[in-house]
Amino acid sequence: MTITSPHLGSTSVWTDARLLYALEEVVEKELNRHLQVAKDWMPHEYVPWSDGRNFPGQFADGEAWDKEQSKVTEVGRTALVVNLLTEDNLPSYHHEIATLFGRDGAWGTWVHRWTAEEGRHGIVMRDYLLASRAVDPDKLERFRMAHMSEGFESDNRHSMLHSVAYVAFQELATRISHRNTGHQSGDPVCDRMLARIATDENLHMVFYRNLLKAAFELAPDLTMRAVRDVVVDFRMPGHGIPGFERAAAQMAIGEVYNLRIHHDDVLQPVLRFLKVMEIGGLGPEGLKAQEELGLFLHGLDAEAAKFDEKLAARKARMAARASG
């Protein structure tokens, strides 16, 4: 679908309200496509309920938590907590996108559908973690209270285009994080559950990626600037979680999510699909943003290469110790 700007490419007239209106038809098309391909699934079917037993509590005797009760690996446990706490802030995310995109028409229908689908992710992950005793339930609840009490404010809430660009990358980043957590968890049940969640996240990414493609056709300079800003300053929505920096470092070493994964599996697939570095007909601001984006990606790839070397050296040291 090709959208022709009624303003001959002028960027000064593209307010958020006008962009929302101009993209409504695309949102409706993508919403209909999403509803045709998305499959309903039952969170309770992915939880090993037979493994569950009482924890100590006010109304029942129970067995205290111990990490040896679960087959989940250390890196898997860390990543599961980060991923769940990220999902827990859904009320704040809903408020952000409902405020930006509105609650009416195709935009509003998408906002509520997305929220409903995302709600399953927190439900099934928490049920799995408690039934399988993968994490300390008291610590998890304290983390949830602390994280949700802070709420969430997006770095991109000032601009609809920046928000669309951000979620196009963030949904893919979340998919990759869930998928790799499953691979590294050591538990096939956990792997299956997170694969199901990752399928949802991929469909959400496709919705926003296609919307971003339409925005490039409509307002290429503004969209290029938004993509540059988002890529350069990208942060995962869970960055406010207590102890996030330490957890992120453990996830990087454990190959759940790190610079190489971020560059190769998150940024590049979206940018290649959109052909961002090949877009022509840009004005001075758009060209400048495109050039700066290219320079940043080159630098990020170099940083990722350094990380790869350090990770390989670390693996070699650990292998030598194990064989010695």
Side-chain angles (χ1 to χ4, degrees), residues 1-35 92-115 118 152-173 203-235 237 267 270-271 273-293:
M1 178 178 183
T2 300
I3 301 173
T4 302
S5 167
H7 305 290
L8 303 178
S10 171
T11 59
S12 61
V13 297
W14 285 118
T15 63
D16 276 4
R18 288 181 177 177
L19 283 165
L20 286 166
Y21 178 79
L23 289 167
E24 178 94 21
E25 182 182 344
V26 182
V27 172
E28 183 174 5
K29 174 189 171 186
E30 290 302 317
L31 172 63
N32 290 333
R33 181 200 53 76
H34 177 84
L35 294 175
S92 286
Y93 308 149
H94 174 84
H95 174 75
E96 290 255 338
I97 65 171
T99 300
L100 276 166
F101 300 154
R103 294 172 171 83
D104 300 320
W107 282 104
T109 303
W110 167 255
V111 166
H112 295 306
R113 174 72 189 200
W114 175 87
T115 302
E118 287 287 342
F152 173 80
E153 286 191 346
S154 169
D155 297 330
N156 303 288
R157 62 189 180 279
H158 63 286
S159 159
M160 188 276 286
L161 269 183
H162 281 72
S163 296
V164 170
Y166 175 74
V167 289
F169 294 105
Q170 181 265 319
E171 292 284 4
L172 182 52
L203 290 177
H204 297 164
M205 178 276 293
V206 170
F207 177 94
Y208 287 117
R209 183 197 64 188
N210 292 351
L211 192 57
L212 190 60
K213 182 176 185 292
F216 264 116
E217 295 179 12
L218 189 67
D221 287 322
L222 277 180
T223 307
M224 185 67 74
R225 288 160 60 187
V227 167
R228 174 204 58 195
D229 294 346
V230 163
V231 169
V232 170
D233 296 323
F234 186 88
R235 296 195 296 176
L267 297 183
V270 175
L271 295 172
F273 177 87
L274 297 173
K275 297 182 170 61
V276 170
M277 303 311 297
E278 301 167 29
I279 291 175
L282 297 168
E285 287 298 315
L287 284 170
K288 180 178 180 231
Q290 189 180 49
E291 181 182 359
E292 289 175 349
L293 177 62

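Just so you know, these numbers come straight off a predicted model, no measurement behind them.
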Rounded at 0.5 Å granularity, tell me how far [atom1] in [X] sits from [atom2] in [Y].
X	Y	atom1	atom2	value
Leu218	Leu161	CG	CG	8.5 Å
Asp233	Asn156	CG	CG	8.5 Å
Tyr93	His95	OH	NE2	14.0 Å
Gln290	Met224	CD	CE	4.0 Å
Glu24	Phe101	CD	CZ	12.0 Å
Glu217	Leu212	CD	CG	11.0 Å

Charged N-O contact under 4.0 Å between Glu30 and Arg33: yes
Pair Lys29 + Glu25: basic N to acidic O under 4.0 Å: no
Residues Leu271, Met277; criterion side-chain contact (heavy atoms from CB on, under 4.5 Å); working and verdict: CA-CA 8 Å; Leu271 295 172; Met277 303 311 297; 5.8 Å; no
Those residues that, when tested against Asn32, pass side-chain hydrogen bond (donor to acceptor under 3.5 Å, both in side chains) (two or more places apart): none
Derivation and outcome, side-chain contact (heavy atoms from CB on, under 4.5 Å), residues Arg225 and His162: CA-CA 9 Å; Arg225 288 160 60 187; His162 281 72; 5.7 Å; no
Heavy-atom donor-acceptor pair, Glu285 side chain to Leu222 backbone, under 3.5 Å: no
Leu20 backbone acceptor or donor facing Trp107 side chain under 3.5 Å: yes
Passing candidate, side chain to side chain contact (heavy atoms under 4.5 Å, CB included) with Val164, options Leu23, Leu100, Leu211: Leu211
I want to check something: taking the side chain as every heavy atom from C-beta on, are [X] and [Y] in contact at a cut-off of under 4.5 Å?
X	Y	result
Tyr166	Pro237	yes
Phe273	Lys213	yes
Val227	Phe216	yes
Asn210	Val26	no

Greater than 12 external heavy atoms within 6.0 Å of Glu28's CD: no
Parallel, tilted or perpendicular: rings of Trp110 and Tyr208 (30°, 60°): perpendicular
For His204, the option from Arg209, Arg113, Glu118, Gln170 that meets side-chain hydrogen bond (donor to acceptor under 3.5 Å, both in side chains): Glu118
Heavy-atom closest contact (Ala215 atom, Thr223 atom, distance): O-OG1, 3.0 Å
Minimum-distance pair of heavy atoms, taken over all atoms of Ala165 and Val230: CB-CG2, 3.9 Å
